[in-house]
Amino acid sequence: MTAFETQVKSLAYNCGLRVADTDSSHAKLAFGFSGDGWDSSQNVWITPFARGEYWEFSCQTAIKEKDPEEIPKWLLVLVLQLNAHQHHGFWCIEKFASGNNVLEYMHDVPSSLMTPEQFELNCRTAAREVDKLERRVGGREQAKIC
């Protein structure tokens, strides 16, 4: 087991979270939400980078397009407005090997600052922000939410 895997599992254990999957290049934690008559789940991905000195916490929305210009302008304006009020992360579009451009919430943190409390905050914030956005957008743009 790598140092990353060991540290993620230890942090998750110490704050009462369960790691769904992990290896040397990523970890995945799943979170469930309910409310407004809608149950949902969000996956938070943790990826070490810069030789493990930083960890990226990210949660993908169901909003994906081959061409990022196909993401509705009103939605991009909304997430940019949300970014202006974020103290703990940001919205972005990430292109994946599949060719999809995915709207996601992300936060990068030096791994040396990681405590169980910080780990839990990063994971829950990413999952909660995506869930809030999908609930907000769900009624307005149902065709884009898969």
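Positions are given from 1 along the sequence.
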Non-hydrogen atoms of [X] and [Y] that approach each other most closely:
X      : Y     : answer
Cys123 : Val44 : O-CG2, 3.4 Å
Pro48  : Ser24 : CG-O, 3.9 Å
Ala127 : Gln42 : O-CG, 3.7 Å

In this structure, would [X] and [Y] fall into the same cluster of hydrophobic residues linked by side-chain contacts under 4.5 Å?
X      : Y      : answer
Val130 : Leu103 : yes
Val79  : Met106 : no
Val102 : Ile71  : no
Leu17  : Val109 : yes
Leu76  : Phe90  : no

Worksheet item: Who are the ring pair (Phe, Tyr, Trp, His ring centres under 6.0 Å) partners of Tyr54, not counting sequence neighbours?
Response: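 Residues passing ring pair (Phe, Tyr, Trp, His ring centres under 6.0 Å) with Tyr54: Phe49.
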
Worksheet entry | Minimum side-chain heavy-atom gap Thr22-Lys9 below 4.5 Å |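 A side-chain contact under 4.5 Å exists here.
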
Backbone N/O of [Y] and side chain of [X]: donor-acceptor pair under 3.5 Å:
X      : Y      : value
Asn100 : Lys64  : no
Arg135 : Trp38  : yes
Ser41  : Phe31  : no
Asn101 : Lys66  : yes
Glu134 : Ala62  : yes
Ser58  : Tyr105 : no

Practice prompt. Under the side-chain hydrogen bond (donor to acceptor under 3.5 Å, both in side chains) rule, collect the residues that match up with Asp23, sequence neighbours excluded.
Written response: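 If we apply the side-chain hydrogen bond (donor to acceptor under 3.5 Å, both in side chains) test to Asp23, skipping adjacent residues, the hits are Ser25, His26.
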
Worksheet entry | side-chain hydrogen bond (donor to acceptor under 3.5 Å, both in side chains) involving Thr47 - partner list, sequence neighbours excluded |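 Scan of Thr47 (side-chain hydrogen bond (donor to acceptor under 3.5 Å, both in side chains), adjacent residues dropped) gives none.
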
Worksheet entry | Exceeds 12 heavy-atom contacts within 6.0 angstrom, atom CD of Glu53 |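 Enclosed: over 12 neighbouring heavy atoms sit under 6.0 Å from CD of Glu53.
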
Worksheet item: Taking atom CD of Glu120 and atom CG of Leu11, what is their separation to the nearest 0.5 Å?
Response: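 These two atoms lie 11.0 Å from each other.
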
Worksheet item: Would you call the rings of Phe119 and Trp55 parallel, tilted or perpendicular, where under 30° means parallel and over 60° means perpendicular?
Response: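 Taking Trp55 first and then Phe119, their aromatic rings stand perpendicular (interplane angle over 60°).
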
Worksheet item: Any side-chain donor-acceptor pair under 3.5 Å between Thr2 and Glu5?
Response: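 Glu5 and Thr2 do have a side-chain donor-acceptor pair below 3.5 Å.
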
Worksheet item: Among side-chain atoms of Glu94 and Gln60, is any donor-acceptor pair under 3.5 angstrom?
Response: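 No, because no side-chain N or O of Glu94 sits under 3.5 Å from a partner of the opposite role on Gln60.
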
Item to complete: Determine, step by step, whether Glu129 and Trp91 satisfy the side chain to side chain contact (heavy atoms under 4.5 Å, CB included) criterion, reporting the C-alpha distance in whole Å, the side-chain angles of both residues, the deciding distance to 0.1 Å, and the verdict.
Response: CA-CA 9 Å; Glu129 290 300 317; Trp91 289 97; 4.1 Å; yes

